[in-house]
There are 2 protein chains.
Amino acid sequence: MKKQAENSTGIREIAKRANVSIGTVDRVINNRLGVSAKTKEKIQKIIEELDYQPNIMARMLASKKVIKIAALIPSVSNETGYWNAPLKGINQAASEIRNFGVMVEHYFFDQNAKQTFINQADIILKKGYDGLLLAPMFEKESINFLARCRQHNIPFVLINSDLANQANIAYIGPDLFQSGYLAAHLSKYLISPSQRVLLVNISREIDLHHHLLKKEEGFRAYFEKENIVVDIDKIDVNETDYNSLQKILKQQFEKNRPNLVFVTNSRVSSVAKFFNEYKIKDVKLMGYDFLEENITHLKNGTIDFLICQKPQEQGYKGVMSIYQHLLQATVESVQYMPIDIITKENYIYYKN
Amino acid sequence: MKKQAENSTGIREIAKRANVSIGTVDRVINNRLGVSAKTKEKIQKIIEELDYQPNIMARMLASKKVIKIAALIPSVSNETGYWNAPLKGINQAASEIRNFGVMVEHYFFDQNAKQTFINQADIILKKGYDGLLLAPMFEKESINFLARCRQHNIPFVLINSDLANQANIAYIGPDLFQSGYLAAHLSKYLISPSQRVLLVNISREIDLHHHLLKKEEGFRAYFEKENIVVDIDKIDVNETDYNSLQKILKQQFEKNRPNLVFVTNSRVSSVAKFFNEYKIKDVKLMGYDFLEENITHLKNGTIDFLICQKPQEQGYKGVMSIYQHLLQATVESVQYMPIDIITKENYIYYKN
DNA sequence: ACCTGTTTCGTTAACGTACACGAATATATT
DNA sequence: AATATATTCGTGTACGTTAACGAAACAGGT
């Protein structure tokens, strides 16, 4: 008579009220088969009445299942350390929920080599995961990959750049168009109307361009909407090494020296290097991302603004969203990151 | 022979290796007394070797203890809805960890009535909590309260404004000085050197002023450091109703019409109202906080910049930090919020 | 009526830890 | 040396859930 006497909560209470065993209740909760329609209905009604919420801790303990989440993102190259930040966020989330039976595993691909993406995707599918965090840099390959995930019933979250109609549980990242739009607005504080702007896209893989193009669209849209006349020159640089860039920039500056340069991604530090080398001081410079090399140039005044969209938080929230989803919680399906403006004055307080 | 056969992990494995029972291991882990120095040492060594991490879920399940956290913050007045945001963050955190045996309870005080703070503090101490989240608006009373918390061994986190030397587990909020400093920097984009600036403090309770004064310090420090000459007028408004403010502003504008007005808190919308009423369009305006009434004036151009420091995240992180701390995790002791600049263009994307 | 197969359900041992209870051993007291 | 008192330790039950196993009830076919 010492046992669980009169107390009873949760599954046991439901069982008692329904005059069945906890085994049966368990079956309807996890809708396994093997319970008649009648008793199933009866139990479900009681569950609703009691507003029963399963005890996650007990659940995790009993089913020694481990939730396995895969994260597939670009590797940190020596060309750009950008992906360090999302990775850090992913790791932070992982360590916070490791105690709750969650395992997060990383996979990396080379942004300059599509095949590495395809290979990693295959491995992930083969190993089998409960959830996926993906940075869909290669558009076509990602769509293919995600289709297969859907077949395997693997829910996924996209970060950094979005893909339409993929039935993802969430997109977490910037609104690219708006980001470019804001950049244009900021230029108002740097130059006067009818001055000359140079827009620079630096990226090797053409596939990554849709990312940059959306920013460019936003950038141009601002001037149109505000009826501001500016001359916008544009150059696409397909080689990411400094020498190629330097050559192209030099040419461009001789032809049409701009008053403002807007770099559509984190490579802005290379342009800053060019500025320093050629002692260019009267031209304003804006670009993206809170990277050490960029911050250096922000500090010494070469770069005027950096736009940043919380890469670390993208990783963190990405993992957490998958976890929450797997815990049956509902997750906001679009979580645009704020568009942060970083200046010489506030960079100290910016947390990636 | 069916039982836990050979497997064994955690506490049981330790017991086996030390040739003791799990009871004894349990005693040293939770350092209860009743275990000899010798065996205690032996067990601790094994724990280290194994890098044993207790299973939180099992722990929570077994000890049906519920972690109780109290949050004491200002109530949302009709004068300002600011504290809505931190409250929302607190609630979000609460709902995310409710399943893990955590209960968060709210207490509110009136910013215009010290006694309400004292009363709520007493209630909290009487009821007994495992952790406390506090917005220490009243300096002296807060210090007193926290001293008593220390006596009762209640760990606490401070948000929104800091108090020195309180042995808190964390401060989560703005760096006020830097916040004012940045505001001054932004003014560079709004006015030219040697123009006139008006700084406005609006607050009834003098105790709240140390908060505003730090911003003012930062604001002035910028101009000094950059050797920029500006005329800074300053007015303190102790009545928070619009009529009083309007009268004082009108006087000030007739005497020394400024080119820029900097309001050191969220009451900037009242000044914006004044601008509208008197059709003032050539004077720039900056202030604090992402509130509906402020956003309205940002949209129509009356307010040029809003500075905001993630009030919702302050609440969220505050609760989470206490929780992590109670879970034995180490928590960063100072978590300055980023200083966000909100403009007409990016406010859509700002998440409190 | 019996046997066979299927559906429906109850029982029970885990998951890893906490804690109460009592047994065993050591130390102190006479 | 015998008893009383601390100190140190082992055992067992419980936390709420999962999942394997098997018992009971029912169906269909002969």
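Naming: A, B, ... by sequence-line order, numbering from 1 per chain. Hydrogens, waters and symmetry mates are skipped; everything else that's a heavy atom, side chains included, is used.
- Between Phe117(B) and Phe138(B), the ring-plane angle classifies as perpendicular under the 30° and 60° cut-offs.
- Atom pair Ile11(A):CD1 and dA19(D):P shows a separation of 11 Å (rounding to whole Å applied).
- Using a 4.0 Å cut-off between charged nitrogen and carboxylate oxygen, Lys127(B) and Glu105(B) count as a salt-bridge pair.
- Between dT18(D) and Asn30(A), a contact under 4.0 Å exists linking OP1 or OP2 to a side-chain N or O.
- One finds no side-chain N or O of Ser63(B) lying less than 4.0 angstrom from the OP1 or OP2 phosphate oxygen of dA18(C).
- OP1 or OP2 of dG16(C) has not a single side-chain nitrogen or oxygen of Arg12(B) nearer than 4.0 Å.
- Here Lys45(B) does not pair with Glu41(B) in a salt bridge; the nearest charged N to carboxylate O distance is not below 4.0 Å.
- Residue Asp26(B) is classed as a base contact, given a heavy-atom separation below 4.0 Å to a base.
- Among the nucleotides dC21(C), dT17(C), dG10(C), the one closest to the side chain of Arg27(B) is dC21(C).
- The nearest whole Å value for the distance from the NZ atom in Lys16(A) to the P atom in dT17(D) is 14 Å.
- Minimum heavy-atom separation, Asn84(A) to Val76(A): N-CG2, 3.6 Å.
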What does the list of N/O pairs under 3.5 Å between the protein and nucleotides 4-7 of chain C look like, with a distance for each?
none

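- Note on Lys65(A): a side-chain N or O is less than 4.0 Å away from OP1 or OP2 of dA19(D).
- Lys38(B) places its NZ atom 13 Å from the C1' atom of dC9(D), with the value rounded to the nearest Å.
- Between the CG atom of Leu33(A) and the P atom of dA19(D) there is a distance of 13 Å, given to the nearest Å.
- One finds a side-chain N or O of Thr24(B) lying less than 4.0 angstrom from the OP1 or OP2 phosphate oxygen of dG10(D).
- Separating the CE atom of Met57(A) from the C1' atom of dT18(D) is a distance of 16 Å, rounded to the nearest angstrom.
- In this structure, Met60(A) places its CE atom 17 Å from C1' of dT17(C), rounding to the nearest Å.
- Other residues, nucleotides and ligands contribute only 12 or fewer heavy atoms inside 6.0 Å of the CZ atom of Arg98(B).
- Looking at which nucleotide of DNA chain C each of Ala58(A) and Asn19(A) is closest to, the 5′-most match is held by Asn19(A).
- DNA chain D is contacted by both Lys64(B) and Ile22(B); Ile22(B) maps to the nucleotide lying nearer its 5′ end (nearest heavy atom per residue).
- Nearest to the side-chain atoms of Ala62(A) among the listed nucleotides dC9(D), dC15(C), dA14(D) stands dC15(C).
- Of the candidates dG10(C), dC9(C), dG16(C), dG10(C) carries the atom nearest the Ser21(A) side chain, counting heavy atoms from C-beta on.
- Here Arg32(A) reaches the OP1 or OP2 of dA19(D): one of its side-chain N or O atoms lies under 4.0 Å away.
- Scanning both residues, Met60(B) and Leu327(B), for their nearest heavy atoms gives CE-CD1, 4.2 Å.
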Q.
Apply ring pair (Phe, Tyr, Trp, His ring centres under 6.0 Å) to residues Tyr323(A) and Phe100(A) and explain how you reach the verdict.
A. CA-CA 10 Å; Tyr323(A) 175 57; Phe100(A) 300 105; 7.1 Å; no
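- What separates CG of Asn55(B) from P of dA14(C) is a distance of 18 Å, to the nearest Å.
- By the 6.0 Å contact criterion, NZ on Lys88(A) is open, its count of non-hydrogen atoms from other residues, nucleotides or ligands being 12 or less.
- Between the CD1 atom of Ile43(B) and the P atom of dT8(D) there is a distance of 13 Å, given to the nearest Å.
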